[in-house]
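First the structure, in the form of structure tokens, and then the observations on it.
All values derive from a computational prediction rather than experimental measurement. Below, each value reflects all heavy atoms present in this structure, side chains not excepted, and no hydrogens, waters or symmetry copies.
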Amino acid sequence: MIEVGSLVGFAAAFVIVAWGVSALLCGGALAARRIVATGGPRAERAMFAAALVLAPVVAAIVVGVVGARSLLLAGIDHCTGHGHHPHLCLVHGGAWVEVPVAVVAVAMVGAYLVVRVCQLAWTAWTARGALREIAAVSREVEPGVFVASVTTAFCFTAGIIRPRIYVSSAIWDTLEADERAAMLAHERAHVRQRDLAWRMLFGIATLFGAPILARVVLGRWERATERACDRDATRVVQSDVVASALVRMSRLQLAATAGMSFGGAAALDERVQALLADPAHDERLARALRGGAIAMFVIAIGSAALGSDPIHHALETLLGLI
């Protein structure tokens, strides 16, 4: 039978592993950014995505395997033979509820997660209301493209299940025809890549990543994604046209928008310079990084399964220090 108090220990173990792995991966990704940037924005995007997702996944695998081991070996486990610290065991680990530091730390992390989830929910709710107002004054000019008759300047993609592109008339009526094509090509790249869904997933992963560091990496992923979509737009129009559209929209002082936005404030200078430099990027690096992330996931599962006993002892020793 599982002792409820043991969950305090497992929660603490998850946080320690997730933050530790996140610090290593996110720190490494930021340190390697300039090198990986030579492979283009898609390589950066793949690297930052892996850094964000792997940390909570690896932590869940490690803690899950240790928990399963404690249940399978409950009758012969070493737990009852050691009294120098509480044990990481779902059956014999109830003493964790008597460790004030662990209880307070888990409670604080839990409270932080609740607050962040409430903030995200409130942001989503208010954004949904604003989107309804925009949709009410919009007309469809192309399949999936809606122009809103408002004076506020904006262009963004919204909707995870049925993504749509919303553009204000202030933007639509100002841009030249080729600049409109550049803007729409950029937004359609977001739709094709399902960037809104990925952004939501990475935002959730960031909640379990190393504080501050994970959010910095998320910002880097967003910047790399915008530059990748800028690059996709150059398949429709010339790169200088995409750069011109970006500059023109920035001068219109775009309103802050939720979702992926062509004219967002994601390092305008960086994006324009990347477009005008026109480097020849090798997509093989991005594929290699994605393959490496999958390999790390498989290795984490295998290592946790084969090394469950030493991992169990290592976590108990580490937690015993608190």
Quick check on [X]: does its [atom1] atom have over 12 non-hydrogen neighbours (other residues, nucleotides or ligands) under 6.0 Å away?
X      : atom1 : value
Phe146 : CZ    : yes
Arg116 : CZ    : yes
Ile35  : CD1   : no

**Prompt:** Between Glu142 and Arg188, is there a side-chain N and carboxylate O pair less than 4.0 Å apart?
**Reply:** yes

Would [X] and [Y] count as having a side-chain donor-acceptor pair, cut-off 3.5 Å?
X      : Y      : value
Arg227 : Gln273 : no
His186 : Asp232 : no
Asp240 : Gln238 : no
Thr206 : Arg215 : no

**Request:** Go through Leu207 and Val117 one step at a time and tell me if the side-chain contact (heavy atoms from CB on, under 4.5 Å) criterion holds.
**Result:** CA-CA 9 Å; Leu207 296 177; Val117 168; 4.2 Å; yes

Can you give the donor-acceptor pairs under 3.5 Å from side chains of residues 129-138 to other protein atoms, not counting sequence neighbours?
from   : atom 1 : to     : atom 2 : distance (Å)
Ser138 : OG     : Ile134 : O      : 2.5

**Prompt:** So Arg45 and Trp198, side-chain contact (heavy atoms from CB on, under 4.5 Å) or not? Walk me through it.
**Reply:** CA-CA 11 Å; Arg45 169 184 161 99; Trp198 286 116; 4.3 Å; yes

**Contacts of type side chain to side chain contact (heavy atoms under 4.5 Å, CB included), residue Val109, not counting sequence neighbours** = Val15, Trp19, Leu113

**Message:** Within the structure provided, determine whether Leu175 and Met249 are in side-chain contact (heavy-atom separation under 4.5 Å).
**Reply:** yes

**Request:** May I ask whether Leu218 and Leu24 are part of the same hydrophobic cluster, defined by side-chain heavy atoms of I, L, V, M, F, W, Y residues being less than 4.5 angstrom apart, directly or through others?
**Result:** no

